Trainee: 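Below is the structure I would like to discuss, written out as structure tokens.
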Amino acid sequence: MIAPLRYQTVVIGGGFFGCSVAVALAEQGRKVLLCEEADALLTRASYNNQARIHNGYHYPRSVLTALRSRINFPRWIEQYRDCVVDDFEKYYAIARRFSKVSAQQFRSFMERIGAPLEPAPARVTSLFNDALIERVFTVRECAFDALKLRNLLEQRLVDTRVEVMLNTRAVKVAADDGAISVTLENAGANERVVADQVFNCTYSRINELLAASGLPRIRLKHELAEMALVEVPEPLKHVGVTVMCGPFFSVMPFPARGLHTLSHVRYTPHGEWHDTDTASRNMGAFLKENRPPTNYRSMLSDAQRYLPMLGECVQKDSLWEIKTVLPASEEDDSRPILFQRDCGLKNLHCVMGAKIDNVFDVLTECAAAV
Ligand SMILES: Cc1cc2nc3c(=O)[nH]c(=O)nc-3n(C[C@H](O)[C@H](O)[C@H](O)COP(=O)(O)OP(=O)(O)OC[C@H]3O[C@@H](n4cnc5c(N)ncnc54)[C@H](O)[C@@H]3O)c2cc1C
């Protein structure tokens, strides 16, 4: 019998976080295998998202999340410079009613965390419905181009000699004589590899692998999210707008498609669920089979009350993805990383970054775990 291939590290999941973890560990001289179920890297949550590089403004109810973003924003901009898109003006608007923060609270919070903001110019405030919007602020926030990010990570994986297996699903992990064996499925055939440590970076599917391996699950909350991809009217072409903080909306440039995403706190989620200890869903299949009709009309009709010009948007498509957060995030909308060591097996670590600027926090934890 041929002995299974042996690696120091196996990383499961080729999204932004899996790729980043694989590159960082290979840079330390480790022999790393990265396996990804899809036929390309960064096709799931790392592509299907709002493309926002957070700089603190989005989290006026979580000082820790806001502060971490303030610290990580300049590092992200520096290290992924070619993927950063900043050729647009960004505005945060505060609604008069139903907002969880007032304009004064928003301003004080941003001053406290050192996030630059100033009153938006009259040419911009005049675009908003004054009866519904209390104040509009000019802020500094950027977007990222997910296709350029994919290219960059592909190159870094080559440069660091990470072995990448596409179309390869990890179906199970198990203890193996002090190491971990990983069963991989490729084109219907199973193969086993062995590693000193394994990183489960499968985001919405972290529990699927744990359950298939008979290991305890992590408490996670999922929602099926839709972001409409729209062509915005000319005056909004180089503009991003977020109305904070409550049941409102964002319209953000989505550079990978040359369009904007329109997302709405009430209409983007099409349903939510928690993983239970008894049932496991195949999230990929769930997404394909249960895609409901678009909520675009509802998103638009509410958003255009605040910013009437949005009525001229044309929907081109929608991005659909399962969004996964820690249950604690429901309280204050925070986005801490999940880094859970030894998940039922020694040296099996589960990683969820929650937002892309958290990558530096994740890599610090990874370095400490090996
Ligand atoms: C709707 C939405 C909007 C968001 N907006 C933003 C935003 O504006 N800014 C921001 O910073 N963050 C945002 N996020 C969060 C951000 O997208 C995620 O934190 C990040 O992309 C997660 O990266 P990941 O590598 O963990 O997951 P993914 O990119 O989903 O990668 C996981 C990979 O694992 C693979 N996989 C799963 N199971 C297996 C298996 N058994 N074997 C092999 N491969 C497997 C999948 O195919 C996938 O490629 C948003 C997320 C969503 C869903």
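Both ligands and their constituent atoms are indexed starting at 1 by order of listing. Computation of the quantities below employed the complete heavy-atom set of this structure, encompassing side-chain atoms and omitting hydrogens, waters and symmetry-equivalent molecules. Remember, predicted model here, so these are calculated numbers, not experimental data.
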Trainee: From atom 29 (O) of ligand 1, work out which of Pro269, Gly353, Ser46 has a heavy atom at the shortest distance.
Mentor: Ser46
Trainee: Would you call Arg75 and Asp357 a salt bridge, using N to O less than 4.0 angstrom?
Mentor: no
Trainee: Pick from Glu141, Arg52, His58: which one makes a side chain to side chain donor-acceptor pair (under 3.5 Å) with Thr242?
Mentor: Arg52
Trainee: Taking ring-ring contact (aromatic ring centres under 6.0 Å, His included) as the criterion, tell me which of Phe254, Trp320, Phe16, Tyr203 meets it with Tyr47.
Mentor: Phe254
Trainee: Could you tell me whether Arg140 sits above the aromatic face of Tyr92, with NZ or CZ closer than 6.0 angstrom to the six-membered ring centre and within 45 degrees of the axis?
Mentor: no
Trainee: For ligand 1, does Ser263 get within less than 4.0 Å through its side chain, its backbone, both, or neither, judged by non-hydrogen atoms?
Mentor: neither
Trainee: Of Glu37, Arg52, Glu185, which has the heavy atom at the shortest distance from atom 10 (C) of ligand 1?
Mentor: Arg52
Trainee: For ligand 1, which is the ligand I care about here, please tell me if Gln50 has any N or O atom under 3.5 Å from one of the ligand's N or O atoms.
Mentor: yes
Trainee: With heavy atoms only and a cut-off of under 4.0 Å, state how Cys19 meets ligand 1: side chain, backbone, both or neither.
Mentor: neither
Trainee: Is it the side chain, the backbone, both or neither of Lys355 that has a heavy atom closer than 4.0 Å to ligand 1?
Mentor: both
Trainee: Can you see which heavy atom on Ala179 is nearest to which on Arg6, and at what distance?
Mentor: CB-NH2, 3.5 Å
Trainee: What protein heavy atom sits nearest atom 4 (C) of ligand 1, and how far off is it?
Mentor: Asn49 CB, 3.2 Å
Trainee: Could Glu226 and Lys323 be called an ion pair, given the rule that one side-chain N must be under 4.0 Å from one carboxylate O?
Mentor: no
Trainee: Of the side chain and backbone of Ser204, name the one, both, or neither that has a heavy atom under 4.0 Å from an atom of ligand 1.
Mentor: neither
Trainee: Please write down residue, atom name and distance for the protein heavy atom closest to atom 39 (C) of ligand 1.
Mentor: Thr202 CG2, 3.5 Å
Trainee: I'd like to check whether Ala45 has a polar contact with ligand 1, where a contact means an N/O of the residue lying under 3.5 Å from an N/O of the ligand.
Mentor: yes
Trainee: Look only at interatomic distance and state if Ala354 has a nitrogen or oxygen under 3.5 Å from any nitrogen or oxygen of ligand 1.
Mentor: yes
Trainee: With heavy atoms only and a cut-off of under 4.0 Å, state how Glu36 meets ligand 1: side chain, backbone, both or neither.
Mentor: both
Trainee: Check if Arg169 has a non-hydrogen atom at a distance under 4.0 Å from any atom of ligand 1.
Mentor: yes
Trainee: Is the closest N or O pair between Leu209 and ligand 1 shorter than 3.5 Å?
Mentor: no
Trainee: Please confirm whether Thr168 approaches ligand 1 to less than 4.0 Å, judged on its heavy atoms.
Mentor: yes
